[in-house]
Amino acid sequence: QVQLVESGGGLVQAGDSLRLSCYASGRSIRSYAMGWFRQAPGKEREFVAAITGSGSSTNYLDSVKGRFTISRDNAKNTVYLQMNSLKPEGTAVYYCAGGRWAFISDKYDNWGQGTQVTVSS
């Protein structure tokens, strides 16, 4: 029902910043909680950040608190992940996802294709 496409990944050095974008098409995501996840080679996918439909509440993985910021612009049907002070441990494919009740239930029904983030030291 909703198609998600991530962009903004790339190769950066430790300490650098990067902003990821997730554009949604097909319908408005105004009522969708949105999240960012990441998966490094050989590791399981992990939760990074989430935001409610209105943008009123957010939640973060402890290790990225204070460095990453999730935000959204519902008029543009886009969700962002601002990543500051990137660390090599942040190297992964980053995915955005959406779900009507995901902020509470952690159930994400729609997923993007992912964008690669590589942080060199």
Side-chain angles (χ1 to χ4, degrees):
Q1 186 170 272
V2 175
Q3 294 78 49
L4 306 175
V5 179
E6 303 94 335
S7 62
L11 174 62
V12 298
Q13 292 184 311
D16 285 351
S17 297
L18 204 59
R19 189 179 78 157
L20 306 182
S21 298
C22 176
Y23 174 71
S25 62
R27 64 166 294 159
S28 172
I29 59 169
R30 174 179 53 83
S31 299
Y32 284 70
M34 302 295 293
W36 286 95
F37 295 78
R38 66 187 181 188
Q39 186 168 28
K43 297 184 178 180
E44 295 185 358
R45 183 184 64 200
E46 68 176 346
F47 167 82
V48 176
I51 188 168
T52 54
S54 67
S56 61
S57 298
T58 58
N59 192 27
Y60 296 93
L61 175 68
D62 284 345
S63 63
V64 308
K65 288 181 179 177
R67 298 188 297 114
F68 289 13
T69 302
I70 186 171
S71 62
R72 65 192 298 156
D73 186 340
N74 285 338
K76 295 182 178 180
N77 235 34
T78 301
V79 181
Y80 306 96
L81 183 67
Q82 177 67 44
M83 303 185 293
N84 297 330
S85 300
L86 280 163
K87 302 176 180 180
E89 306 92 89
T91 295
V93 177
Y94 284 70
Y95 300 90
C96 67
R100 180 66 179 84
W101 306 103
F103 196 82
I104 297 173
S105 69
D106 292 325
K107 180 182 179 182
Y108 291 88
D109 300 316
N110 300 283
W111 294 81
Q113 85 290 347
T115 185
Q116 176 71 47
V117 173
T118 302
V119 186
S120 66
S121 59

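Predicted model only: the values in this text are computed from it and were never measured. Both backbone and side-chain heavy atoms feed into the values below; hydrogens, waters and symmetry mates do not.
- For the pair Pro88 and Ser121, the tightest heavy-atom approach, listed with the atom from each and the gap, is CG-CB, 3.8 Å.
- In this structure, Thr52 contributes its side chain and Ser57 its backbone to a donor-acceptor pair below 3.5 Å.
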Item to complete: Verify side-chain contact (heavy atoms from CB on, under 4.5 Å) between Trp36 and Met83, making sure each step is shown before the conclusion.
Response: CA-CA 11 Å; Trp36 286 95; Met83 303 185 293; over 6 Å; no
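- Cys96 places a side-chain heavy atom less than 4.5 Å from the side chain of Leu4.
- At distances below 3.5 Å, at least one donor-acceptor pair connects side-chain atoms of Glu6 with backbone N or O atoms of Gly114.
- Cluster annotation: Met34 is connected to Tyr60 through the hydrophobic network of ILVMFWY side chains, with a link wherever side-chain heavy atoms come within less than 4.5 Å.
- For the atom pair Phe68 CZ and Arg38 CZ, the distance stands at 5.5 Å (nearest 0.5 Å).
- For the residue pair Val93 and Gln116, the shortest heavy atom distance occurs at CG2-OE1, 3.3 Å.
- The main-chain N or O of Tyr23 is never found under 3.5 Å from a side-chain atom of Asn77 such that the two would form a donor-acceptor pair.
- In the hydrophobic cluster analysis, where Ile, Leu, Val, Met, Phe, Trp and Tyr join through side-chain heavy atoms closer than 4.5 angstrom, Trp111 is grouped apart from Val117.
- Crowding of Ile104 atom CD1: a count of heavy atoms from other residues, nucleotides or ligands under 6.0 Å not exceeding 12.
- Closest non-hydrogen pair, Ser85 versus Ser17, comes out as N-OG, 4.2 Å.
- Taken to the nearest 0.5 Å, the OG atom of Ser63 stands 8.5 Å off from the CD atom of Glu89.
- The residue from Thr58, Leu81, Thr69 that alone fulfils the side-chain contact (heavy atoms from CB on, under 4.5 Å) condition with Ile51 is Thr58.
- With Arg30 contributing its side chain and Asn74 its backbone, the two residues share no donor-acceptor pair below 3.5 Å.
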Discussion item. Could you go through Ile29 and Arg72, starting from their C-alpha distance and side-chain angles, then the distance that decides it, and tell me whether this counts as side-chain contact (heavy atoms from CB on, under 4.5 Å)?
Written reply: CA-CA 10 Å; Ile29 59 169; Arg72 65 192 298 156; 3.7 Å; yes
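- Both Leu18 and Val79 are part of a single hydrophobic cluster, where members link through side-chain heavy atoms under 4.5 Å apart.
- Shown here is Lys65, whose NZ atom has more than 12 heavy atoms of other residues, nucleotides or ligands within 6.0 Å.
- Scanning both residues, Gln113 and Val5, for their nearest heavy atoms gives OE1-CA, 3.5 Å.
- Remark: of the listed residues Phe47, Tyr94, Tyr95, Phe47 is the sole one forming a ring pair (Phe, Tyr, Trp, His ring centres under 6.0 Å) with Phe37.
- When Val64, Leu20, Ile70 are each tested for a side-chain contact (heavy atoms from CB on, under 4.5 Å) with Val48, only one passes: Val64.
- Panel note: side chain Thr91, backbone Val119; a donor-acceptor pair is recorded below 3.5 Å.
- Smallest separation of non-hydrogen atoms from Thr115 and Gly8: OG1-N, 4.2 Å.
- Within the 3.5 Å criterion, the main-chain N or O of Lys76 finds a donor-acceptor partner in the side chain of Thr78.
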